[in-house]
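What follows is a single structure, written as structure tokens, with notes after it.
Quantities reported herein were computed from a predicted structural model and do not represent experimental measurements. A, B, ... follow the sequence lines: proteins, then strands. Residue 1 opens every chain.
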2 protein chains.
Amino acid sequence: MALEHAILVSLRERAASGSDLTRRFDASIGYFWTATHQQIYRVLGRMEVDGWITAEVVPQADRPAKKVYAVTDAGRAELRRWIAEPTTPDPVRSTLGVKMRGASYGDRAALLDDLRTQLDEHTKRLSLYEFLAARDFPDPDVLDDADLDIYLVLRGGLLMEEFWIRWLTEYLAAHTRTDRTDRTDCTDRTHAKELPR
Amino acid sequence: MALEHAILVSLRERAASGSDLTRRFDASIGYFWTATHQQIYRVLGRMEVDGWITAEVVPQADRPAKKVYAVTDAGRAELRRWIAEPTTPDPVRSTLGVKMRGASYGDRAALLDDLRTQLDEHTKRLSLYEFLAARDFPDPDVLDDADLDIYLVLRGGLLMEEFWIRWLTEYLAAHTRTDRTDRTDCTDRTHAKELPR
DNA sequence: ATTCTCATGTAAGAAGTTACATGATTAA
DNA sequence: TTAATCATGTAACTTCTTACATGAGAAT
């Protein structure tokens, strides 16, 4: 489980409350890890029990008090241990991949509409990341290591959006070429032979 | 949940047993969805109860008997319904992203070694996908819709590997340029100001 | 007074992971 | 006869998701 460790990284960058972290997971951390506030509060509780973080209640002028968490020595040691550990690949889960592959067994036109919507979202998100990169990292060559890492992970988010745009564009193009619009659809292959794939 | 639907797609392509499906999820379906045999058997049981699939016991010459599953009309209807449904984005979970961002708080040299191993894996996997594409789809323009979809999802796996190779290469290059090897490391930013990121 | 947002949670259930179990057939 | 492999599962546990809950202050 890496949510604990994503939180440790974020808290080492700067101490934060549960709702601060929730906002970060909706923004920059969200390029590579998503989590809801429910998950975050539960894990924060467990991490405090385990002694990886400590809480300090901070009253605020015009708002309810916050519990601001900071990483303990034990938490730092755990983060260090985890980063050095060999990484096993994350499981792949692409709903759109499943739908693309199964399109013959459903309403292809509806799927293509959906894919166009997704393409639009990814295009907007790419623009946002490009804007953020230009605004916050105008000169990547002069960054110290910690800021360079933040920049390079933003670059990862950006490259990921480019991947989606490429894939969706290629799929849409292949299925909207006029010379193939009336090929047979919805073929039943239940008893077909296994192909060497 | 999309595992049910990934199984429906696979069974519509060709009827299969639990272990057949396990092999498919280790191979082509694995480009975009992973599942273990334990998950698959449990979900198959549920799908049979729900009437989406039916099982037929098939004795084999030199092996224990198989239970071969096929999709029912109800299963086809469900798959059709699900494909037309608007897709919500899959949650993003990149362990390597977390580690890259947190590298300053651990052993960067160990992480870079890990990343080189990952890069190697992705490079091999890209080669495999390129081989499969060339062998099984020498002429993509003449495919019918169902085969075109299989090809385009393989293309997606291929583009995904290219994404990983780009990201990892960029990260490794940025952190192995000799003119920045002795910048400060392991900066404590616990009390730093929030940046507009 | 009531509504709204903020900050913090709880509870129930679905899904996924890890470890172990069973019967059959085949190979040594 | 013992070990190995194949096909099919169970059980226990962890994690994630979805829906709901509470109290404090702010706005109307």
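Contact annotation: B:Lys67 side-chain N/O to D:dG9 OP1/OP2 distance is under 4.0 Å. A sub-4.0 Å separation between OP1 or OP2 of D:dC16 and a side-chain N or O of A:Thr36 is absent. The side chain of A:Gln38 contributes no N or O atom lying less than 4.0 Å from OP1 or OP2 of D:dT18.
Distances were taken from every side-chain heavy atom of B:Arg46 (C-beta onward) to each of D:dT15, D:dT8, C:dA15; the shortest belongs to C:dA15.
For the pair A:Leu3 CG and D:dT14 C1', the computed distance is 13 Å after rounding to whole Å. One interatomic measurement links the two molecules: CD1 of B:Ile40 to P of C:dA15, which rounds to 15 Å at whole-angstrom precision. In this structure, the CD atom of B:Glu48 is 13 Å from the C1' atom of D:dT8, given to the nearest Å. Separating the NE2 atom of B:His37 from the C1' atom of C:dA21 is a distance of 11 Å, rounded to the nearest angstrom. Across the protein-nucleic acid pair, A:Glu56 atom CD and C:dA7 atom C1' stand 17 Å apart, rounded to whole Å. We find that OH of A:Tyr41 is positioned 8 Å from P of C:dA7, with the value rounded to whole Å. In this structure, CG of A:Leu21 is placed 17 Å from P of C:dC6, rounded to the nearest angstrom. One atom, CD of A:Gln39, and another, C1' of C:dA15, lie 13 Å apart when rounded to the nearest Å.
Separation of atoms CD (A:Gln39) and CZ (A:Phe25) is listed at 8.5 Å; rounding is to 0.5 Å.
Within the nucleic acid shown, B:Ala65 comes within 4.0 Å of sugar-phosphate atoms alone, with no base atom in reach, counting heavy atoms only. The residue B:Thr22 sits apart from the nucleic acid: no heavy atom pair falls under 4.0 Å. B:Phe25 comes within contact range of no nucleotide atom at all, as no heavy-atom separation falls under 4.0 Å.
Two residues are said to be in side-chain contact when any heavy atoms from C-beta on lie closer than 4.5 Å; A:Leu143 and A:Phe137 meet this criterion.
Both B:Arg23 and B:Pro91 lie near DNA chain D, and the one whose nearest nucleotide falls closer to the 5' end is B:Arg23. Looking at which nucleotide of DNA chain C each of A:Lys66 and A:Arg42 is closest to, the 5′-most match is held by A:Lys66.
A:Asp20 and A:Ser17 form a side-chain donor-acceptor contact under 3.5 Å, judged by distance and modelled atom types alone.
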Checklist entry - side-chain hydrogen bond (donor to acceptor under 3.5 Å, both in side chains) between B:Lys66 and B:Ser19: does it pass, once the steps are laid out? => result CA-CA 9 Å; B:Lys66 289 178 166 191; B:Ser19 57; 5.6 Å; no
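Aromatic pair A:Phe163/A:Trp167: centroids less than 6.0 angstrom apart.
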